[in-house]
Structure formats: C-alpha cells, structure tokens
Amino acid sequence: MMQITRQAIRPDELRARLNDPAAGAYASFEGWIRNENEGHDVLRLEYEVYEPLAVTEGEKVIAEARAKFPILHADCVHRSGLLEIGECAVWVGVSSGHRDEAFLACRYIIDQVKVRLPIWKKEHYADGHSGWVNCERCATHGNG
Amino acid sequence: MMQITRQAIRPDELRARLNDPAAGAYASFEGWIRNENEGHDVLRLEYEVYEPLAVTEGEKVIAEARAKFPILHADCVHRSGLLEIGECAVWVGVSSGHRDEAFLACRYIIDQVKVRLPIWKKEHYADGHSGWVNCERCATHGNG
Amino acid sequence: MSKTLTVRYFAGFREHAGLDRETVSLDAATARDVFEQLKQRHGSPEPLAHCKVAINDEMADWSSPVEDGDTILLFPPVAGG
Amino acid sequence: MSKTLTVRYFAGFREHAGLDRETVSLDAATARDVFEQLKQRHGSPEPLAHCKVAINDEMADWSSPVEDGDTILLFPPVAGG
C-alpha cells in the first residue's frame, strides 16, 4: 500500500503491518532529511506531493515489485509538507520468505518512487536561499 | 556495535542510535522466525550463541562494512535462547549519506553474520522432532 | 482546430508561471505540443526530457493525444525520497 | 610429543559427544589434527570443510598450530540469522 502523510512516519507501527508467520526476512529503507546537499547547508525541506497520482503511481510500483520478486508484503509511506533535519521523508518495508527478494524488492521500490512519483522538494538553505531539488537522474548526485 | 541478547529485539530503539544529521539514508534488515523450513512445519527455534566470539566476530564484520562502504553508523543485534514464530532473531541497521552504501553495507553485514558468527539454531517441528539447522552455504536453501 | 484545455502547474512550474492552473485555447495535438507552447508563453527553462505529464489524472506520454476539455498536468523534474 | 588440550563442543557436537568440554592428551600439531582425532573418537559426521575452529577464544584456521595448554573450540556448521 502506498500512502502520503503529513504526520511523522512511525516505522515501528508500519513494520507490524508486514508481519506474517511465513516471513523469514524483512528489509526496510528510510530516507532521512540531511543537513547538506551538494555543498549547501540545508535547514529544512518542503515536500510538495500531487497526492492522487503519487498514490496510484506508488501502488503501481509496489505491484511491479510483487510481480518481479516472490515477496509477501510491501508498503511505502511518503511525507508531504515541511520537514526538519533528521526527520523521515520516506519509508519502504518488505517482508518475504528469504532475504534476497526482500532486499531486491525494497531497493526496487525506493528507486522507482524517487523517479516516478509526482513529488518535489524545496530545500531551504542556511544562507536564506531556497531551491527546488533537481531530479536524481538529472543531477550529478542523488539524495538518500 | 554487535550485541547478543536474550530479550526481544526493539528495532525502533536500535534505529534511533543510528540518527545523524548527515544521514540521508537508513537501511535495515531483520530475520524473523518463520513457520516452515525446507518442507517442515516449525513450531519454535532455539538459538545457541557462543557470545565472546560472536561479539568479536560481529564487530569485525561491522568494521569490514565500514571499510568497504562510506557509511556513518552500523549496528547488529542477535537473539539467543528460545524464539517463537514471528519473533525477530537478528537485526541489522545502517545509516549513511546516500542509499547505495546503506543497502550494500546492510546486505554485507547480514550475509557475513549468517556464515561467520558462532551461532546455531535448533528447529522444533510440529511432528515432535527437532534438529540443528545446517549452515546456509552447506544447505540447498538458506533461511531468511 | 483549437482545443480548450485546463493546465495545472506544480512546484517550480507553478512558481515560474505565477499561477497553479489556467484555461487555455491551444492548437495542440499531443501533450508535447501543450508543453512546448506553454514553455514559450511562460519561458520555463526545464527540458522536456526531465519533465512528466499527466492527462486527466493519468500518467501520460509526451506523444499522448490531447482532447478538447482535457486537464493537462505539467510536472517539473520530480525528486521524491 | 603429546599435548594436553581442553576441547569445547558446541550445539550438535556437544549433543553428539555427550559433553560440552573435555581435557584430552593428543599427538596433534594443528587444529586439523585435533578435529580428525576427536572425530574418530566421537564419530561426528560433519565434514571439516563445513566446521570452524577457535583457539583460546580467537577464530583460527585448520592449519593453525596448537600448543600444550590450549583451549580448542570446535564449531559445527553455523547458522545465525
């Protein structure tokens, strides 16, 4: 399931939704707000999300991961709004029988979410400026 | 840091130890007790750990991961004693600037922990039998 | 023949155009035509290859046809995560 | 010349030998010699290639030399995680 939220992401609660007596492996990824990007001191980040399409595109990504890898459960949650340094911007969790597919599906989901969902982030810098972050494939360095 | 514990593993508390304002990525892996292994119905598992060497060997693995990948923090906790279906047997967490190295280091640590630490597991089956699980590299199928 | 379209702008596009939506009358066959004509009007610097488009809340291609009455969503380079 | 060694058994080895440690007097130069001689005594089925050994709480190789007074830890196939 793909969710967009303005509330703090709680990985411990989200993880519990992936429990399954047949699951031997759980892999998760989180994107945290870091204090630096491409040489600029970052104070906070602002996420703009076009929710209707972010959700349907995210659901598509998760369905693709299920089709590619024999996993049991997978979810993704992305924040919108203003985030401070250290906050969790995105969470991906996958449970499966064995660890290969948990890692691969988790990686697939975060990679696709970053380049396909209609989500934008504006960085607010220590020098008072701000700017929209270029897409990962366009920029020289990705975030997270 | 490598830890062996007889208490339930609490990923939310462990994860908080890896916080860092320079961290943009966090990857974690958990091995959960599943109800089946190689066609046998499993009721519970018993982990035997030779703690002095499990800790030093685990610390070595984490140091290797740090040397191979530019990560910020990495920890691993492994249970000992009797575990029920669904419980977390092992947790690995890694924080880093970007996600490539978080995934790679997390995978490296769990792979090495499974084959190098002096840890053994005995499965108790629904049919009343029990047996020590063969090592992952020796068996046809690994767990987790 | 000219079509009446609703165009929505997001993130940098919205700031650049100074509005989040407008109704336009364009002689456009595809999403690409819409992008190029509005790029001229608003002077956005983003190359089309880095952008995305949706039509009536479905992700589309730049070659997707646009029909009279469609809502075209113009997405500047995305950066989730 | 025979050496006095303390040998510790873990998991399946302990169950197989019926004891978790013993003091033995062996004519052994390396960890491999210890493994092979005790394998004969206790009849363990595990091939050496799947097992591990530690000497005085340090991971060792099968070719590591053993000295009088050493504690040899014999590890059957490990299976953490």
Side-chain angles (χ1 to χ4, degrees), chain A residues 2 4 9 29-34 37-38 45-61 76-80 83 88-92 106-107 109-123 130-139 141-144, chain C residues 5-24 28 30-36 38-39 41-67 69-81:
Chain A
M2 178 77 216
I4 305 296
I9 290 176
F29 176 81
E30 297 176 28
W32 293 349
I33 307 300
R34 58 202 293 258
N37 189 27
E38 297 185 30
L45 248 96
E46 202 180 324
Y47 281 92
E48 176 174 336
V49 179
Y50 183 58
E51 190 164 334
L53 266 181
V55 168
T56 53
E57 195 69 7
E59 296 285 6
K60 251 188 246 176
V61 167
C76 178
V77 181
H78 201 295
R79 283 285 300 273
S80 73
L83 276 80
C88 177
V90 58
W91 170 90
V92 179
C106 187
R107 182 70 204 249
I109 291 169
I110 186 63
D111 284 355
Q112 296 296 314
V113 159
K114 279 178 175 256
V115 297
R116 283 168 53 183
L117 271 56
I119 299 177
W120 303 273
K121 60 183 161 200
K122 185 185 244 180
E123 290 177 337
S130 65
W132 292 100
V133 177
N134 215 339
C135 69
E136 189 168 69
R137 281 185 185 155
C138 315
H141 295 291
N143 200 24
Chain C
L5 305 168
T6 300
V7 181
R8 296 186 60 180
Y9 301 102
F10 295 86
F13 281 174
R14 182 187 57 246
E15 293 184 355
H16 203 86
L19 41 80
D20 69 351
R21 72 172 68 204
E22 61 181 336
T23 302
V24 294
T30 64
R32 180 189 307 271
D33 297 337
V34 176
F35 182 89
E36 298 295 354
L38 293 171
K39 180 174 177 160
R41 182 179 304 189
H42 296 297
S44 164
E46 293 293 352
L48 175 137
H50 293 175
C51 303
K52 292 181 194 296
V53 64
I55 301 175
N56 303 330
D57 270 359
E58 301 227 0
M59 295 303 297
D61 297 316
W62 292 114
S63 61
S64 301
V66 295
E67 308 294 341
D70 279 351
T71 297
I72 315 297
L73 291 75
L74 294 181
F75 297 149
V78 302

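Chain A is the first sequence line, chain B the second, and so forth, proteins listed ahead of strands; every chain is numbered from 1.
- Checked by atom type and distance alone, the side chain of A/Trp120 pairs as donor or acceptor with a backbone atom of C/Pro76 at under 3.5 Å.
- In this structure a side-chain-to-backbone donor-acceptor pair under 3.5 Å is missing from A/Lys122 to C/Gly12.
- Within the 4.5 angstrom heavy-atom criterion, only side-chain atoms of A/Leu53, from C-beta onward, approach chain C.
- Atoms CZ and CD1, on C/Phe10 and A/Ile119 in that order, are 12.5 Å from each other to the nearest 0.5 Å.
- Using a 4.5 Å cut-off on side-chain heavy atoms (C-beta onward), A/Tyr50 and C/Asp57 make contact.
- Of all heavy-atom pairs between A/Glu57 and C/Met59, the closest is OE1-CG, 3.3 Å.
- Chosen from C/Lys52, C/Glu46, C/Arg8, C/Glu15, the residue pairing most often with chain A at heavy-atom distances under 4.5 Å is C/Glu15.
- Residue contact with chain A, scored on non-hydrogen atoms closer than 4.5 Å, involves the backbone of C/Glu58 exclusively.
- Between A/Asn134 and C/Pro77, the shortest heavy-atom distance links the atoms OD1-CB, 3.7 Å.
- Only the side chain of A/Pro52 comes within less than 4.5 Å of a heavy atom in chain C; its backbone stays farther off.
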